[in-house]
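Working notes, beginning with the structure itself.
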Amino acid sequence: MSNEKLPSRAENYSEWYNQVIQRAELADYAPVRGCMVVRPYGWSLWENIQQALDSRFKATGHVNAAFPLFIPMSFLEKEKEHVEGFSPELAVVTIGGGEKLEEPLVVRPTSETIIGYMYSKWIKSYRDLPLLINQWGNVVRWEMRTRLFLRTLEFYWQEGHTAHATAKEAEEETLRMLDIYTRFAVEDAAVPVIPGRKSNSEKFAGAVHSYSIEAMMGDTKALQAGTSHLLGQNFAKAFNIQYLDMNNELQYCWTTSWGVSTRFIGAIIMTHGDDQGLILPPRLAPIQVVIVPIYKNDEERARVMPVVDKIRAALGSIRVKVDDRSELTPGFKFNDWEMRGVPLRLEIGPKDVEKGSVMAARRDVPGREGKSFLPQENIASSVGALLDTIQSSLYEKARAFRDSHITDVTNYEALTTAVQDGWAHAWWCGSADCENRVKEETKATTRCIPMQQPGGTGKCAVCGRDANEKVYFARAY
RNA sequence: CGGGGUGUAGCGCAGUUGGCAGCGCACCGCGUUUGGGACGCGGGGGUCGGCGGUUCAAGUCCGCCCACCCCGACCA
């Protein structure tokens with residue numbers, strides 16, 4: 001751990017991001033270019049994300065399973081758009097056990113194909129549907145430029161794959177999962193997101209429609225934080241996923257897939273972090289409360305520590321860490337835990353022992369303003385309430401920031417100005433030409449066509465033709 | 001893959017005309033400290049990215065290679 005201050009976000013946002021991750025010990029660079037090591041603190045955060053999502057999946061009838069890492073090359077080639085989309089970024093194994101392989105094996109970039117193959121074996125009848133399986137795992141995509149969490153060659157995620165009897169059910173599933181992602185982002189991560197549909201040029205290779213949740217980072221760039229795809233019958237036809245309906249007629253299934261990855265950790269970092277470091281939402285924070293004991297000598301220590309132990313015990317199921325490292329000063333510890341984003345710090349010293357109090361310092365409110373004395377009585381409920389307050393004020397702060405950086409625009413000039421430091425919300429005619437013009441001239445792309453539409457019609461902010469949907473344009477990660 | 005840059009201790013760097021490989025932080029030990037990033041003293045740690053060449057002598061000069069970072073074309 002370095003003693004030096006972080007670069008400020010205003011000064012160099014990407015350097016701030018890289019350093020926060022390393023100093024907070026979320027992740028480190030691996031010896032292979034573009035790969036990362038997720039360190040215990042980062043993995044613990046990921047485990048909490050997994051648990052929050054997994055419980056929502058289970059509550060909607062999904063079950064977990066595990067499919068292989070290796071996929072025969074020929075599988076990828078069965079769906080035309082899919083292979084075209086992914087072939088530039090595949091890692092391929094050509095040698096196994098010292099022998100050249102008969103058929104190269106692809107390290108999965110995503111598992112639609114191999115799961116489709118298995119589904120064709122498992123699904124015979126309408127009675128087998130819907131089939132609702134999720135997998136937690138890792139995938140590999142050989143990216144050109146990489147960033148910790150945001151884009152690495154290998155990343156961890158969950159991918160849900162479902163098969164349905166009708167288009168309507170598949171559509172409902174796609175939107176149900178989009179809604180689950182939205183609620184996870186808002187309720188668990190305190191990350192405000194806009195759910196919407198992707199434009200044709202931004203959709204998943206092989207999908208009929210892709211949906212995403214889009215979040216605004218602290219530098220106003222957009223981050224796709226989760227996706228849900230309606231695959232139609234594309235993969236069902238490529239892999240013969242068929243069932244007999246009630247009339248004994250053979251039908252193709254309708255399938256979906258949806259995923260959230262370790263990229264979401266990047267979203268949390270860049271949504272909540274400040275110039276002191278990370279700020280983690282209480283619901284997901286590996287450590288919700290850190291207790292720093294304060295004492296000058298052994299005599300004071302002997303009086304303070306029993307109270308520290310008592311408070312820790314009283315906090316019950318709240319995730320608490322007592323920082324009893326004797327070689328460091330309290331001041332150092334304050335900065336250290338602020339860097340790591342622990343939402344609430346309790347200081348307990350001789351004065352608190354006398355007064356029956358503890359000093360509480362909110363991570364989201366810097367300095368004296370965020371400090372208050374709490375009585376030792378009923379500490380669990382007052383700390384619990386404070387954590388809830390922090391959770392909701394993090395969300396409100398992020399939402400206010402985002403909303404103040406979204407501009408409704410009606411013409412091209414206003415659009416190009418808006419995307420310099422925020423998002424543009426505009427009518428769009430739906431043509432790829434308009435998207436391309438904006439991308440070439442401003443680097444901004446369409447992020448999503450939000451589910452929430454104003455209704456009515458308007459004029460495309462790029463070309464002026466009739467438009468019946470509004471879209472967000474933004475520079476994106 | 002194109003353009004630019006950097007490789008010397010865990011991290012950040014210095015290293016003159018080619019002449020004993022150093023500094024700060026971190027780390028280890030002892031002591032004093034401790035309510036917002038403590039201090040003193042004493043220590044440990046190196047294939048100078050790799051290979052080859054020039055030379056009495058190479059971190060330093062020459063050649064080739066490799067890795068990483070930044071900027072562009074692709075992306076959860």
Side-chain angles (χ1 to χ4, degrees), chain A residues 1-6 12 14-15 18-19 22-23 28-35 84-90 109-110 138-159 181 198 201-205 207 210 212-215 222-229 257-267 276-277 292-298 300-301 304 323-339 345-353 355 357-361 366-368 370-371 373 439-440 443 445 476-477:
Chain A
M1 272 289 298
S2 166
N3 279 350
E4 285 164 39
K5 283 223 160 93
L6 276 175
N12 188 342
S14 74
E15 190 54 28
N18 289 335
Q19 288 200 22
Q22 293 198 70
R23 294 200 196 185
D28 202 352
Y29 292 101
V32 178
R33 177 194 77 86
C35 291
E84 280 174 9
F86 279 106
S87 63
E89 51 187 75
L90 295 179
T110 179
N138 55 339
V139 288
V140 168
R141 299 179 186 179
W142 214 266
E143 302 288 353
M144 292 295 149
R145 295 188 56 197
T146 57
R147 296 288 306 280
L148 291 173
F149 291 117
L150 299 178
R151 182 168 302 108
T152 47
L153 298 197
E154 180 186 17
F155 59 89
Y156 302 89
W157 74 344
Q158 58 69 215
E159 47 179 326
Y181 287 159
K198 285 296 200 181
S201 57
E202 297 282 331
K203 80 176 166 61
F204 177 75
S210 285
S212 70
I213 52 172
E214 299 286 330
L223 184 75
Q224 177 175 307
T227 49
S228 184
H229 311 292
S257 67
W258 26 274
V260 161
S261 75
T262 37
R263 168 182 267 196
F264 203 94
I265 293 174
Q276 301 304 310
V292 178
I294 313 274
Y295 47 80
K296 290 192 191 350
N297 50 48
D298 285 347
E300 284 188 358
R301 184 175 196 281
V304 166
D323 188 352
D324 56 0
R325 290 177 291 180
S326 61
E327 71 279 15
L328 297 172
T329 61
F332 182 92
K333 293 175 184 178
F334 297 167
N335 286 284
D336 194 28
W337 293 110
E338 282 168 9
M339 179 69 73
R345 178 180 74 238
L346 299 181
E347 304 168 21
I348 302 177
K351 290 181 215 164
D352 301 291
V353 173
K355 295 192 297 184
S357 63
V358 304
M359 169 70 91
R368 190 170 290 275
K371 289 193 173 189
F373 283 105
K439 186 174 183 179
E440 277 166 26
K443 290 183 183 170
T445 51
Y477 277 99

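Both backbone and side-chain heavy atoms feed into the values below; hydrogens, waters and symmetry mates do not. Within every chain, numbering begins at 1; the chains are lettered A, B, ... in the order of the sequence lines, protein sequences first and strands thereafter.
- Between the side chain of A:Asp323 and the backbone N or O of A:Arg325, at least one donor-acceptor pair lies under 3.5 Å.
- Among the heavy atoms of the strands lying under 4.0 Å from A:Gln224 are primed sugar atoms or P, OP1, OP2 only; no base atom is included.
- Taking the nucleotide of RNA chain B with the nearest heavy atom to each of A:Glu347 and A:Tyr477, the more 5' of the two is matched to A:Glu347.
- Across all strands shown, B:rA73 forms no Watson-Crick or G-U wobble pair with both distances under 3.5 Å.
- The minimum heavy-atom distance between A:Pro293 and A:Val304, with the atom names listed, is CB-CG1, 4.0 Å.
- Heavy atoms from other residues, nucleotides or ligands lying under 6.0 Å from NZ of A:Lys355 number more than 12.
- The separation of B:rA58 from B:rC62, taken at their C1' atoms, amounts to 11 Å, rounded to a whole angstrom.
- In this entry B:rG46 has no Watson-Crick or G-U wobble partner, no candidate having both defining distances under 3.5 Å.
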Practice problem: Could you check A:Phe86 against A:Phe204 for side-chain contact (heavy atoms from CB on, under 4.5 Å), going step by step and ending with a plain yes or no? | Solution: CA-CA 10 Å; A:Phe86 279 106; A:Phe204 177 75; 3.7 Å; yes

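- Interface remark: the A:Asp352 side chain does form a donor-acceptor pair with the B:rG35 base, using a distance-only criterion of under 3.5 Å.
- Across B:rU6 and B:rG15, the matching P atoms stand 13 Å from one another, rounded to whole Å.
- Of the C1' atoms belonging to B:rC20 and B:rG46, the separation is 15 Å, rounded to the nearest Å.
- Base-pair partner of B:rG35: not found among the strands shown (Watson-Crick or G-U wobble, both distances under 3.5 Å).
- Nearest nucleotide to the A:Asn335 side chain, out of B:rU34, B:rG37, B:rA76: B:rG37.
- Side chain A:Lys371 to base B:rG36: a donor-acceptor pair is found below 3.5 Å.
- Base pairing annotation: B:rC61 forms a Watson-Crick or G-U wobble pair with B:rG53, both donor-acceptor distances under 3.5 Å.
- The partner of B:rU6 is B:rA67, judged by Watson-Crick or G-U wobble contacts that both fall below 3.5 Å.
- Side-chain atoms of A:Arg345 lie closest to B:rG36 of the nucleotides B:rG35, B:rG36, B:rC74.
- Contact annotation for A:Glu338: base contact, defined as any heavy-atom pair under 4.0 Å involving a base atom.
- Remark: the separation of the P atoms in B:rU60 and B:rG52 is 14 Å, to the nearest Å.
- The C1' atoms of B:rU47 and B:rA9 are separated by 13 Å, rounded to the nearest whole Å.
- Distance noted for atom C1' between B:rU33 and B:rA38: 6 Å (whole Å).
- The nearest pair of heavy atoms linking A:Glu347 to A:Asp352 is O-OD2, 3.5 Å.
- Atom P of B:rU8 sits at a distance of 28 Å from the matching atom of B:rG29, rounded to the whole Å.
- Comparing B:rA76, B:rU34, B:rC74 against the side chain of A:Lys296 picks out B:rU34 as the nearest.
- Base pairing of B:rC30: its partner is B:rG40, meeting the Watson-Crick or G-U wobble criterion (both donor-acceptor distances under 3.5 Å).
- A:Arg263 approaches A:Tyr477 most closely through the heavy-atom pair NH2-O, 4.1 Å.
- In this structure, B:rC23 forms a base pair with B:rG12, meeting either the Watson-Crick or the G-U wobble geometry with both donor-acceptor distances under 3.5 Å.
- Checking B:rG37, B:rU34, B:rA76 against every side-chain atom of A:Ser261, the shortest atom distance belongs to B:rA76.
- Residue A:Thr329 places its side chain closer to B:rA38 than to any other of B:rU34, B:rG72, B:rA38.
- For CG of A:Asp298, the number of neighbouring non-hydrogen atoms (other residues, nucleotides, ligands) closer than 6.0 Å is 12 at most.
- Nearest to the side chain of A:Lys443, among B:rG36, B:rG35, B:rG72, sits B:rG72.
- Using C1' as the reference atom, B:rC66 and B:rA76 are 31 Å apart when rounded to the nearest Å.
- Each of A:Gly34 and A:Gly226 has a nearest nucleotide on RNA chain B; the 5'-most of these lies closest to A:Gly34.
- An aromatic stacking contact between A:Phe332 and the base of B:rG36 is absent, as defined here by ring centres under 5.5 Å apart and ring planes under 30° from parallel.
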